[in-house]
Enquirer: 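I have a structure here, written as structure tokens, and I will follow up with some questions on it.
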Amino acid sequence: MTTGDEKQQEVIERAGTALPADERILAVYLVGSYGSGQADRFSDVDVHCVVADKSVDWFEENWLELMTALAGPTVWADRIPGLVGGLGITSDWLHVDLVIHPLATFDRFQYDGVRVLFDRDGTLFPDGDIPAKQGRPGTPYWPAGPVHLFFYFLGNLVTVLGRDERIVANQGVGAVRDQLINLMLAERGVRRTGGAKRLNALLSDEQRAALEAIPAAGSDPAEIVAANQYICRQFIERGTALAKVTGEDWPAEFVDATLTHLRDHFGLDFS
């Protein structure tokens, strides 16, 4: 197992000693490269905490206090969209992520590879560290959030191209592609690890080929539509199959409404 340099190790030591002093913090653990055993001197430090539900609002407002306790003064810090917590960059460009999980929604298997620094009563991580599968297939699961987000993003193609917002529409290709990637990971039963900079090992050769075959899209509306059509057909074929495998409900009403919306506007079939 490789490790980072002294800066990262100091943050990890403080995470395991300073954070548990707050009784509202029930567990502290590392994910990403340090959770999966792939860290090097370039690695970010991804510190996650589980907190009592009634204290979540306080942590949402005051997460920067914890960040400063971990990393010291930062030259830039900002919230992580959709999560409680944020990221910090120090003057020597050490990158630390701090994420707070309410106990009610905590899932110890959310990440592939966890290094446990603290577990107050020993129940949140009863078996201790969770070794990373590092791309090895597991049991397929149903990614409800990405499935609904996919069709939400896809339906908005009508709005952005209707306004001739070509740059936004091009960005949308990446948004729907990312939900397809999440679906592919669920197909393989893989929980993403290693951060956004490592993906190849988590996908099968067939999945990578399908992603690499997405038509190139610049600012031409026809190219953008073609890319979305290809991604949509991949998503529907894979998603309906995964729903059957996992015994979950395919959101047929939402899907049909979205496809009809696209067909009515573009005069094209996306399925």
Side-chain angles (χ1 to χ4, degrees), residues 1 12 15-16 19-20 24-39 43-53 55-56 59 63 80-85 87 96-150 178-204 207 238-239 241-251:
M1 173 178 174
I12 292 170
L19 297 186
R24 298 171 298 178
I25 296 178
L26 307 178
V28 182
Y29 56 101
L30 304 177
V31 301
S33 297
Y34 278 99
S36 65
Q38 297 176 300
S43 295
D44 307 339
V45 183
D46 300 292
V47 180
H48 287 232
C49 302
V50 183
V51 303
D53 294 333
S55 66
V56 172
F59 284 103
W63 64 270
I80 299 176
L83 298 173
V84 178
L87 63 88
V96 178
D97 287 340
L98 174 65
V99 177
I100 311 296
H101 299 273
L103 178 60
T105 59
F106 168 66
D107 175 8
R108 66 175 172 271
F109 298 113
Q110 181 178 357
Y111 300 95
D112 182 17
V114 171
R115 177 181 168 189
V116 182
L117 301 180
F118 172 73
D119 183 359
R120 189 169 297 280
D121 60 12
T123 60
L124 297 182
F125 293 98
D127 300 318
D129 295 349
I130 301 176
K133 293 182 178 180
Q134 298 182 0
R136 293 193 298 274
T139 302
Y141 58 92
W142 181 244
V147 169
H148 288 92
L149 276 177
F150 177 86
D178 288 349
Q179 304 316 310
L180 175 59
I181 291 171
N182 288 332
L183 182 73
M184 288 177 167
L185 296 178
E187 282 182 315
R188 301 192 74 217
V190 171
R191 308 280 181 171
R192 188 163 188 159
T193 187
K197 306 177 190 71
R198 292 188 175 104
L199 182 62
N200 285 342
L202 307 184
L203 299 169
S204 69
Q207 289 172 331
R238 294 171 184 275
L242 184 59
K244 291 179 181 179
V245 168
T246 58
E248 298 288 345
D249 292 329
W250 176 250

Enquirer: Would you mind reporting whether Val47 and Leu30 have side-chain heavy atoms less than 4.5 Å apart?
Expert: yes

Enquirer: Not counting sequence neighbours, which residues clear side-chain contact (heavy atoms from CB on, under 4.5 Å) with Trp63? List them please.
Expert: Met67, Ala77, Arg79

Enquirer: Would you name the heavy atoms of Val116 and Asp129 that are closest together and state the gap between them?
Expert: N-OD1, 2.7 Å

Enquirer: Using the rule given for side chain to side chain contact (heavy atoms under 4.5 Å, CB included), can you reason through Phe150 versus Asn182, listing the C-alpha separation, both sets of side-chain angles and the distance that settles it, and then say yes or no?
Expert: CA-CA 10 Å; Phe150 177 86; Asn182 288 332; over 6 Å; no

Enquirer: Please tell me if the side chains of Leu124 and Phe106 come closer than 4.5 Å, counting only heavy atoms from C-beta onward.
Expert: yes

Enquirer: With a 4.5 Å heavy-atom cut-off, do Pro143 and Leu185 have their side chains touching?
Expert: no

Enquirer: What do you reckon, is CG of Asp107 surrounded by more than 12 foreign heavy atoms closer than 6.0 Å?
Expert: yes

Enquirer: What residues, two or more places apart in sequence or in another chain, satisfy side-chain contact (heavy atoms from CB on, under 4.5 Å) together with Asp121?
Expert: Asp119, Thr123

Enquirer: If only side-chain N and O atoms count, and only distance matters, is there a donor-acceptor pair under 3.5 Å linking Ser36 with Gln38?
Expert: yes

Enquirer: Residues in salt bridge (Lys or Arg N to Asp or Glu O under 4.0 Å) with Arg238, at least two apart?
Expert: Glu187, Glu206

Enquirer: Give the intermediate values and the outcome of side chain to side chain contact (heavy atoms under 4.5 Å, CB included) for residues Leu19 and Phe118.
Expert: CA-CA 9 Å; Leu19 297 186; Phe118 172 73; over 6 Å; no

Enquirer: Are the side chains of Leu203 and Met184 in touch, meaning some heavy atoms are under 4.5 Å apart?
Expert: yes

Enquirer: Identify, with sequence neighbours excluded, every residue that meets side-chain contact (heavy atoms from CB on, under 4.5 Å) alongside Val56.
Expert: Val51, Val84, Pro102

Enquirer: If you look at every heavy atom in Tyr141 and Leu242, which pair is closest and at what distance?
Expert: O-CD2, 3.5 Å

Enquirer: Flag the pair Val31 / Asp97 as yes when at least one side-chain heavy-atom distance between them is below 4.5 Å, and no otherwise.
Expert: no

Enquirer: Taking all atoms of both residues into account, what is the closest heavy-atom pair of Pro251 and Val147, and its distance?
Expert: CG-CG1, 3.8 Å

Enquirer: Can you name the closest pair of heavy atoms from Asp44 and Tyr34 and give their distance?
Expert: O-CD1, 3.5 Å

Enquirer: Taking side chain as C-beta onward, heavy atoms only, is Cys49 less than 4.5 Å from Leu98?
Expert: yes

Enquirer: List for me each residue that meets salt bridge (Lys or Arg N to Asp or Glu O under 4.0 Å) alongside Arg120, sequence neighbours excluded, and say none if there are none.
Expert: none

Enquirer: State the CD1-CD1 distance between Ile80 and Ile100, to the nearest 0.5 angstrom.
Expert: 9.5 Å

Enquirer: Among residues at least two apart in sequence or on other chains, which ones pass side-chain contact (heavy atoms from CB on, under 4.5 Å) with Ala243?
Expert: Trp142, Trp250

Enquirer: Could you pull out all residues at least two apart from His48 that satisfy ring pair (Phe, Tyr, Trp, His ring centres under 6.0 Å)?
Expert: Tyr29, His101, Tyr111

Enquirer: If every non-hydrogen atom of Ser204 is compared with every non-hydrogen atom of Arg188, which pair is closest and at what distance?
Expert: N-CD, 3.7 Å

Enquirer: Identify the two heavy atoms, one from Ser43 and one from Ala39, that lie closest to each other, and give their separation to 0.1 Å.
Expert: OG-CA, 3.3 Å

